[in-house]
**Q** 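What follows is a single structure, and I will ask about it in a moment.
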Amino acid sequence: MNSPSDPHAHSSTPVIVGGPGSGGAAGGSGGGASFHDALLDGLNPQQRVAVEYRGPALLIVAGAGSGKTSVLTRRIAGLIDSREAWPSQILAITFTNKAAAEMRERVGALLGQTAEGMWISTFHSACVRILRREAENFGFTKSFTIYDSHDSRTLIKRIIKDLQADTFGFTVSGVAGKISKLKNELADADSYARTANFNDPQEEIFVEIFRQYTRSLSAANAFDFDDLIGQTVYLFRAFPQVAETYRRRFRHILVDEYQDTNHAQYALIRELTLPVGENDDDSYALVHGFDGQRTAGLPGASLTVVGDSDQSIYAFRGADIRNIVEFERDFPGATTVLLEQNYRSTQNILTAANAVISNNFDRKDKKLWTDVGDGEKIIGFTGYSGHDEAQFVADEIATLHESGTPYKDVAVFYRTNAQTRALEEIFIRAAVPYRVLGGTRFYERAEIKDVLAYLIAVANPFDAMALRRILNTPKRGIGPATETALAVFAETNEVSYRDAMRRSSELGLGPKVTTAILDLAVLLDEATALIDPDRAEGPAPVSEVLALLLERSGYVVALRAGRDPQDEARAENVEELLAVTKEFAKNNPGGQLVDFLTEVSLVAAADELDDTSGTVSLMTLHTAKGLEYEAVFLTGVEEDLLPHRMSASEPGGPAEERRLFYVGITRARKRLYLSLAMTRAQYGETAVAMPSRYLQEIPADLIDWRQSPGMATSRGGTQPRALNANRPGGFSTRSSIRASDSLSFSESSLPPAPRTKAEWPNRITAQVRDNGDLELQPGDRIRHTDFGEGRVNAVTGEGTKRVAHVQFDAAGSKKLLIKIAPIEKIA
DNA sequence: GTGAAAGGAGTTTTT
DNA sequence: CTCCTTTCAC
């Protein structure tokens, strides 16, 4: 194995070695010593320590915006330049593929050359890479499929149905969640069964579901998302010599966003950083014909983790904050470096962030600070509705753009994907160029999954699920009955689903159906021949395979012939996928079909970001982690949304939601906007929304309320602008903001803002308009602040959700939420 | 086996 | 409100 003559992995001072092959090769960086200086250039003392420290384990507690990426890349570059490590001995784990690409590029830039052989990737990508190499050790092939959560659910749904487990109260999402949670704890069906209480019939059935799920996965030669990590750990534990290969290879392991690692990921890191013993176990060497490989033992790889427990926001998917909190205990000899100086945001933004997060008890006190000055105040806005709020955002973005902030430097965050709807509607109308990250992602669209299923069926003939998906897509007259018949045939004859298709003439089905199945089988075989590694002209590029499949299956033609108006867009999406395969070939010369499928399976929302796009970015708070923007709009800062209603019942829920809010705030460099709405539409109904408790945690003098929750509905209140967006003449959006500016008059007449938190709630929440139990009957006449007088036609809904259907004399008919609408009854 | 229509259920965050 | 499943007629 490649190894520098002396890795110096644990020497206390960095060793600088000049000469060819080391730092000297680093293009313009000059000799070793000056390169070393350049590495530390512009860093503060803590950052320098984080770059230079050498030891078995290092924890870098990096507050938001404290320059951790810079520290990590310099640390890696330093290790390589000083010849403490070959690039191939470095494994760096990032949270997204985009972050990985960025880090690789920055390390390359520092060194003046691309460092070949470094592994910089996400946990999932790294594990796929390992699993593809080693799959044959334990009953998989290297072309295994990766099931995304949607695929897992489809499979679970089928199993629940087969077992009729739904009658026992099992739901797909419940089972999927439980299995995922168990896998993150490295449990499997057997280990779970050992602890299960079999007097409980539910437990028994769950174990059976889990078993069948596991069996189906391995029969399909497939791993689900959680398996990628868990099975790698299993592989290392079951085959110590395989583990040793990787322990010997990776001498420096760096993990970013360590606070969001789950138990399985933690176990993986532990496995990789174990010392390598005096190779006294020969079984592997004997089996694999290695001989005389008895090398000396090695200490465990050096481990560097970077994280911030205040930014831990993935507990719901098993992230365990203890991994970082207990790091020093876990890894004896560990050193901790604290990075608190922030290079991203203004002091006002940081003060707000600090104030909010300090409400989480049970945390190490940490205060972000900066020397760039206070900056602008935070801008607050309360809309009448979600649309009104969106209009505010769109208006402000337009203003920002006019004053020179490019669209790409602006981001809009929200808690739930459902909130994009109102934003998109208004943005389209206001001609604000935007891009939604995540949401219904490109690769999750049905038509894309259909087409990918064709490719998967070719790459992995064992994947019955992919085959069943394409069996009747496009329509071939093959229904559920035939589909099941093939599955039964495959099972009873112990052949693959693909073989069952080839032998479909033995099933005694109708001639038309049989021909359809055989045609498909032939097409798949032809496509498979294209990617045969032994093919004379080498395996065909993915685009060629896809083109053949699309052409012969008639998928696109069928789409274009469809009557659904969205079918044309779907056909275009498929064309785009074809373009993606061509792009892939360009970027990955020699890239195989499985490589393409891997890449596609592991794209994250944040990977879709295109820095050159020139559009505003819309994303959830979760997706926003690790990103930063000149101006940030944090929308929907309301109770039941942030904190989300669902979090209330979970232990640690409200604290995690607060961290989410904190993450959102700290993404902003110069300008931060916090907005909320008084009512929010959810599934057809309109509900009252109350300001988030977290707003009260921000010192009052940091927020400049354009329209505060207390002001929004007071007398002379603002126009619900979304409803009046097209009002002609004179009453532009701008003037409506001015109208609300005049409100600051009444605001300033309030007593000085109380500083103590106890009195805060009054200021924000108590002034939201509340009509209490205002009783309205059909026939009553009312007066509305904006719409004038009208007649109540009907009242629907219960309690706070009572809605009046009103026919206004001038403004037409409206539906109003009685509790908070600016209305009064006229005698 | 297909397609339309009606009914019901469920709504967080994601690799 | 929307997505999904079920039901029913061809």
Side-chain angles (χ1 to χ4, degrees), chain A residues 93-100 121-128 146-154 157 161 166 171-174 176-177 180 183-184 223-230 257 260-262 264-265 312-319 413-419 421-422 437-441 443-444 446 471-472 474-483 509-510 512-513 516 562-564 598 600-607 619-625 636 640-650 653 656-657 659-661 663-664 680-687:
Chain A
I93 302 290
T94 59
F95 203 67
T96 62
N97 296 299
K98 182 166 183 282
S121 71
T122 62
F123 268 110
H124 290 83
S125 302
C127 287
V128 169
I146 300 165
Y147 279 10
D148 66 17
S149 18
H150 187 268
D151 300 326
S152 300
R153 296 170 65 101
T154 307
K157 188 186 285 176
K161 205 164 192 177
D166 46 342
T171 62
V172 175
S173 59
S180 173
K183 286 192 175 186
N184 285 333
F223 294 115
D224 67 19
F225 270 139
D226 302 311
D227 282 340
L228 296 180
I229 317 289
E257 307 285 6
D260 281 323
T261 50
N262 62 33
Q265 291 164 337
S312 161
I313 54 174
Y314 282 102
F316 72 91
R317 74 173 199 217
F413 301 155
Y414 37 80
R415 178 65 232 271
T416 68
N417 283 306
Q419 289 166 254
R421 197 157 306 222
L437 300 186
T440 24
R441 295 205 208 107
Y443 292 109
E444 282 167 14
L471 203 53
N472 197 31
K475 302 263 180 293
R476 301 188 173 90
I478 306 172
T482 311
E483 193 188 313
L509 298 161
K512 257 169 92 178
V513 177
R563 299 226 319 279
D564 189 324
T598 302
V600 162
S601 304
L602 298 178
V603 285
D607 295 333
M619 70 191 85
T620 65
L621 285 165
H622 284 88
T623 302
K625 190 173 76 157
D640 287 352
L641 215 45
L642 189 68
H644 195 274
R645 171 196 312 227
M646 291 295 163
S647 72
S649 52
E650 287 158 23
E656 174 143 326
E657 298 283 308
R659 290 194 291 270
L660 206 43
F661 187 47
V663 165
R680 197 156 292 272
Q682 45 181 7
Y683 36 89
E685 290 199 323
T686 306

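All chains are named by letter (A, B, ...) in the order of the sequence lines, taking the proteins before the strands, and each is independently numbered beginning at 1.
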**Q** Taking only the side-chain nitrogens and oxygens of Asn184(A), find out if one of them lies under 4.0 Å from OP1 or OP2 of dT15(B).
**A** no
**Q** Check the interface with nucleotides 7-11 of chain B: list each N/O to N/O pair with the protein under 3.5 Å, or write none.
**A**
unit_1	atom_1	unit_2	atom_2	d
dT11(B)	O4	Tyr683(A)	OH	3.2

**Q** Say we look at dT12(B) and dT5(C): how far apart would their C1' atoms be, to the nearest angstrom?
**A** 24 Å
**Q** OP1 or OP2 of dT2(B) less than 4.0 angstrom from a side-chain nitrogen or oxygen of Asn472(A), does that happen here?
**A** yes
**Q** To the nearest 0.5 Å, what is the distance between CD on Gln682(A) and CD on Gln419(A)?
**A** 10.5 Å
**Q** Determine the interplanar angle of the Phe95(A) and Tyr314(A) rings, folded into 0 to 90°, and report it as parallel if under 30°, tilted if 30 to 60°, perpendicular if over 60°.
**A** tilted
**Q** Taking the nucleotide of DNA chain B with the closest heavy atom to each, which residue, Gly479(A) or Tyr314(A), is nearer the 5' end?
**A** Gly479(A)
**Q** Mind checking if Lys157(A) touches a base, just sugar-phosphate, or nothing, with heavy atoms under 4.0 Å?
**A** sugar-phosphate
**Q** Quick one: label Ser149(A) by what it contacts on the DNA or RNA (base, sugar-phosphate, nothing), any heavy atom closer than 4.0 Å.
**A** base
**Q** Using the rule given for side chain to side chain contact (heavy atoms under 4.5 Å, CB included), can you reason through Ile93(A) versus Thr261(A), listing the C-alpha separation, both sets of side-chain angles and the distance that settles it, and then say yes or no?
**A** CA-CA 11 Å; Ile93(A) 302 290; Thr261(A) 50; over 6 Å; no
**Q** Are any of the side-chain nitrogens in Asp260(A) or Lys625(A) under 4.0 Å away from the carboxylate oxygens of its partner?
**A** yes
**Q** Can you pull the contact range of chain A along DNA chain C, 5' to 3', using atoms under 4.0 angstrom from its heavy atoms?
**A** dC1(C) to dT5(C)
**Q** Check whether any side-chain nitrogen or oxygen of Ser647(A) sits under 4.0 Å from OP1 or OP2 of dT13(B), and answer yes or no.
**A** no
**Q** When the distance from CZ of Phe123(A) to C1' of dT14(B) is rounded to whole Å, what number comes out?
**A** 15 Å
**Q** To the nearest angstrom, how far is Glu483(A) atom CD from dT2(B) atom P?
**A** 11 Å
**Q** Could you check whether Ala418(A) gets within reach of a base, just the sugar-phosphate, or nothing at all, counting any heavy atom under 4.0 Å?
**A** nothing
**Q** Rounded to whole Å, please give me the gap between CG in Asn97(A) and P in dT15(B).
**A** 9 Å
**Q** Would you indicate what Arg421(A) reaches in the nucleic acid, counting non-hydrogen atoms under 4.0 angstrom: base, sugar-phosphate, or nothing?
**A** sugar-phosphate
**Q** Expressed as a whole number of angstroms, how long is the span from Glu657(A):CD to dT13(B):C1'?
**A** 8 Å
**Q** Mind checking whether His622(A) and Phe316(A) have ring centres under 6.0 Å apart?
**A** yes
**Q** Heavy atoms from C-beta onward define the side chain here; which of dT12(B), dT14(B), dG3(B) lies closest to that of Lys475(A)?
**A** dG3(B)
**Q** Taking the nucleotide of DNA chain B with the nearest heavy atom to each, does Phe316(A) or Ile478(A) sit closer to the 5' end?
**A** Ile478(A)
**Q** Is Asn417(A) near enough to dT13(B) that one of its side-chain N or O atoms lies under 4.0 angstrom from OP1 or OP2?
**A** yes
